[in-house]
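Quick caveat: nothing in here was measured; it's all calculated off a predicted structure. Hydrogens, waters and symmetry mates are skipped; everything else that's a heavy atom, side chains included, is used.
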Amino acid sequence: MDIRQEQERVNRVMETITDQMNRLEAETSRRRKEVVDIRKHFWDEIKLNLDTFDDYLETIIGLRQEAQALSVSQSTHKHASKRLTALERMKEIPYFGRIDFMEEGTSLAERIYIGISTLTDPSGEHFLIYDWRAPISSVYYDCAPGPAAYATPGGDIKGVLEKKWQYLIRGGMIVSMFDTSLTIGDEILQQVLGKGTDKQMHSIVATIQQEQNRIIRHDRGRMLIVHGAAGSGKTSAALQRIAYLLYKYREMLNADQIILFSPNSMFNSYVSNVLPELGEENMQQATFQEYLDYRLEREFQIENPYDQLEYVLTAADNPLYKTRISGIRFKAAAHFYEAIQLYRESLESSGMIFKELFFRGKPLITAKQIVERFYTSDSTLRFHNRLEKLKDWLMKQIDEAEKHEQMKPWVQEEIELLSNEEYHKAYTYLAKKRGYTGESIHDYEMEPKLLARLIVRQKLKPLRKRIKAFRFVNIKEIYKQFFTDPSKINQWMDGEAPEEWADICQLTVRMLNENRLLYEDATPYLLLKELIQGFQTNNSIKHVIVDEAQDYSPFQFEFIKRLFPSARMTVLGDFNQAIFTHANEMTDFQTLTSLYGPDETFAINLTRSYRSTKPIVEFTRTLVPNGEEITPFERDGGKPELTQVSNPSDLHLSIASKIAELRKQKRGTIAVICKSAAESTAAYESLSGIDGIKLMKSGSMDYEQGVIVIPAYLAKGIEFDAVIIYNASADVYGNESLRRLFYTACTRAMHDLQLYSVGEPSPFLCDFKPKYQ
């Protein structure tokens, strides 16, 4: 291929991009001014007249016309701004791929150039660049030269792929170009992967591999499960998948209708750039913990998942440790979800607990009265309708109480204690209620009876608010009741409870009495609350993405499904990185098939790892069962090293020396990874003499560059140029249950992996020869 001719084409494309940018800059400026003017003079154009029905109708029509004009201008401005942003990105890299495709029934191959967005010539009739998400672009990612086809809404288009090229263009100049036959060129992928990590994850559209493209364009069923090795690009592919869905369904789907459940806030920061880089708005992002905190409204001191994990990693000597571990596993299971549902059903006949309603320090309606009313009212009604009727009855009782209280001496005392300002406020309010306006307000004569009623009503307002929000239902005591008699569990589930069940019940009750909610109880508690008060489902969400899905329990997945009944779900995970106790024995996502059924569930397995160099992958895959199934990408680098030292002092000197060496090699992100937060804090204090070193905690919001100390569980989903395993000794990683955590820590490294051990190394490293210092 003549590179000179290709460069001339790039030059013509760059001119077209520049022309379109100039036109759009003028249009966005004009539209911005238009929007500002409409907002500024919105009410000038409307004749406000409500005297007759016709005048009222004319006013409404005027309002609607002005609102529509504003909406059209805002929409046009937003569209033009979005297009301008895409063109600015294309000016740096207009396109990255090309296919020569001869459609069946034609005699000439068409050259299809592929980039991050579509570009047409000035006439608008000919495509200069196709969007990477367009149907024909799938040929570039999926097919080798020869017979090829791609799917369109109108059916499959068949033909012959004659050639496939990949370009490296920077600033309008072709740096290099490759003829790629089977895969997207390893040469460019090598260059991308060989660079240091950035502050944020970037788009992978130029290097999407065939198996990743299957994830991106998958469009069947309710659930897609992606089980991928560490560094296989599953998160990147999922983010490109969101961009693809927003493109394909742009008339009916927007970014606000997609939610990503991510492992932590730092991860949110790390991936926040991918969609904007492709010209799309970011979807909603949240951790499951943030959702729990929001829905439980600070009713408890709620343990977060990392506090739970910290306990699991550091509290083995605690006498309650075995009980707690058993409880975590049991409460994570799908059959516990069913038990909670059956328990709620049992409340229809007995067991509901209510709170007494107090007014001025005395019980107004007792809990016993509320129970009697609930169970003697129409039992043929559905549970929630009975609760609604109970709420209405309680509101009537408040209305009755209001009448009785008005005559009591305390009301007169309250009136006498009103300040002038409070009295005037009450006077004005009552006058307006009687129809007095403007100057005529002063003609109103205050009626003492109405003022007394107003005082009582204000005092009763918090009580009415509580009743409307169903806060008279004592969810805490109802949940606690589930654990009060351990023998009752057999009423609510078919399987056997764990042998520690009585101790689990005792621990749960104790925590609830202390107003603490363990993480394993948070979702069951919220489920019970929703089942009693009415499930607050979210039908506006059309797609849910769950990253690090191996950390979610079957119970939590059941809850998420019920929470978003209209959504499709993409689940990403790797059970080799399943570090939470409930998933210790699990090796796949088979249990999730039952969520939507086998006909609605599809699975894609990614085995090739791109993150780390070949020597690092060859090492890390020895750490896990079936590790031989993980295929390294052909990218060379130094072998991981294990250094054994005799004491902590030597450890810190060696790590400081290694960090200085890595900095000389221009490694932008260096992570000292520890087993737990406790070990991270101790390591950070001992290494605090290193310039610029930072400690990452579970509340850290941003992904930091430079040298950081971080617990392994917080580093999940993130990559670093160099990783130092702080202490890979048998003392720290001697237990088999820590194998997956250790694997997770080691697989964060892109270019360098250095392990240290104070004394005897972990048994996970039995075939790895240490060097001594």
Do you know which two heavy atoms are closest between Thr669 and Asp721, and how far apart they sit?
OG1-N, 2.8 Å

Between Arg568 and Asp219, is there a salt bridge with N-O shorter than 4.0 Å?
yes

Taking only Lys NZ, Arg NE, NH1 and NH2, and the carboxylate oxygens of Asp or Glu, determine whether Asp142 and Arg217 approach each other closer than 4.0 Å.
no

Nearest 0.5 angstrom please: Ile579 CD1 to Arg740 CZ, how far?
11.0 Å

Picking from Asp574, Asp551, Asp547, what satisfies salt bridge (Lys or Arg N to Asp or Glu O under 4.0 Å) with Lys716?
Asp551

So, Lys234 side chain and Val226 main chain: donor-acceptor pair closer than 3.5 Å or not?
no

Sequence neighbours excluded, the answer for side-chain hydrogen bond (donor to acceptor under 3.5 Å, both in side chains) partners of Tyr291 is Arg295

Does a donor on one side chain sit under 3.5 Å from an acceptor on the other, for Glu310 and Gln308?
no

So, taking the atom named CG in Leu753 and the one named CD1 in Ile725, what distance separates them when rounded to the nearest 0.5 Å?
6.0 Å

Please walk me through it: do His543 and Thr570 pass side-chain contact (heavy atoms from CB on, under 4.5 Å)?
CA-CA 8 Å; His543 211 107; Thr570 301; 2.9 Å; yes

For residues Phe633 and Val617, determine if any side-chain heavy atom of one lies less than 4.5 Å from a side-chain heavy atom of the other.
no

Picking from Thr622, Ile616, Val624, what satisfies side-chain contact (heavy atoms from CB on, under 4.5 Å) with Thr620?
Ile616

Is there side-chain contact between Phe96 and Ile114, with at least one heavy-atom pair below 4.5 Å?
yes

Got a salt bridge between Glu628 and Arg621, using NZ or NE/NH1/NH2 to carboxylate O under 4.0 Å?
no

Can you confirm whether more than 12 heavy atoms, excluding those of Lys694, are under 6.0 Å from its NZ atom?
yes

Test item: side-chain donor near acceptor, Tyr306 and Gln289, under 3.5 Å:
no

Can you name the closest pair of heavy atoms from Tyr733 and Pro763 and give their distance?
O-CD, 3.7 Å

Where Ile116 and Val205 come nearest, the two heavy atoms and their spacing:
CG2-CG2, 3.8 Å

Please determine whether side-chain contact (heavy atoms from CB on, under 4.5 Å) holds for the pair Met696 and Met266, giving the CA-CA distance in whole Å, both sets of side-chain angles, and the decisive distance to 0.1 Å.
CA-CA 9 Å; Met696 306 307 290; Met266 191 168 64; 3.3 Å; yes

Please answer whether the main-chain N or O of Ala677 pairs with a side-chain N or O of Glu679 as donor and acceptor at a distance below 3.5 Å.
no

Got a sec: does the CG of Asp691 have more than 12 other heavy atoms crowding it under 6.0 Å?
no

Where does the angle between the aromatic ring planes of Phe742 and Phe764 fall among parallel (under 30°), tilted (30 to 60°) and perpendicular (over 60°)?
tilted

Could you state the interatomic distance from CZ (Arg98) to CD1 (Ile129), rounded to the nearest 0.5 Å?
13.5 Å

Please check if any side-chain donor atom of Ser737 sits under 3.5 Å from a side-chain acceptor atom of Asn735, or the reverse.
yes

For Glu618, what residues pass the side-chain hydrogen bond (donor to acceptor under 3.5 Å, both in side chains) criterion, not counting sequence neighbours?
none

List the atom of Ala712, the atom of Leu741, and the distance in Å for their closest heavy-atom pair.
CB-CD1, 3.7 Å

Smallest separation among heavy atoms of Val645 and Ser654, with atom names
CG1-OG, 4.0 Å

Side chain proximity check, Gln665 to Asp752, heavy atoms < 4.5 angstrom:
yes

Would you call Asn576 and Thr747 a side-chain contact if the rule is heavy atoms closer than 4.5 Å?
no

Just say parallel, tilted or perpendicular for the rings of Tyr95 and Tyr167, cut-offs at 30° and 60°.
perpendicular

CD1 of Ile208 to CD of Gln240: how many Å apart, nearest 0.5 Å?
5.0 Å

Can you tell me if Ser680 uses its side chain to pair, donor with acceptor, with the backbone of Val709 under 3.5 Å?
no

Flag side-chain contact, heavy atom, 4.5 Å: Glu277 against Arg89:
yes

Where do Ile690 and Arg663 land on the side-chain contact (heavy atoms from CB on, under 4.5 Å) test, with the steps shown first?
CA-CA 11 Å; Ile690 296 170; Arg663 277 176 157 170; 3.9 Å; yes

Could you tell me if the side chain of Glu719 sits less than 4.5 Å from the side chain of Tyr270, heavy atoms only?
yes

When you check the side-chain N and O atoms of Tyr311 and Glu303, is any donor under 3.5 Å from an acceptor?
no

With a 4.0 Å cut-off, would you call Arg739 and Glu736 a salt bridge?
yes

Nearest non-hydrogen partners of Ile708 and Gln705, listed with the distance
CG2-O, 4.5 Å

Ignoring hydrogens and angles, state whether a donor on the side chain of Ser236 or Gln212 is under 3.5 Å from an acceptor on the partner side chain.
no

Supply the atom-to-atom distance Ser137 OG to Ile99 CD1, rounded to the nearest 0.5 angstrom.
7.0 Å

Validation row: Gln285, Val271 side chains within 4.5 angstrom (heavy atoms):
yes

As an exercise, state the distance from CD of Gln284 to CG of Asn282, rounded to the nearest 0.5 Å.
11.0 Å

Output, in order, the C-alpha distance, side-chain angles, deciding distance and verdict of side-chain contact (heavy atoms from CB on, under 4.5 Å) for Cys746 and Leu755.
CA-CA 9 Å; Cys746 292; Leu755 303 97; 4.0 Å; yes

Test ring-ring contact (aromatic ring centres under 6.0 Å, His included) on Phe580 and Tyr552 and set out the steps.
CA-CA 8 Å; Phe580 281 87; Tyr552 289 71; 8.8 Å; no

Is there a side-chain contact between Ile112 and Tyr140, using heavy atoms and a 4.5 Å cut-off?
no

Just by modelled atom types, is the Thr235 backbone N or O under 3.5 Å from a matching donor or acceptor in the Arg241 side chain?
no

Does a side-chain N-to-carboxylate-O contact under 4.0 Å join Glu88 and Lys91?
no

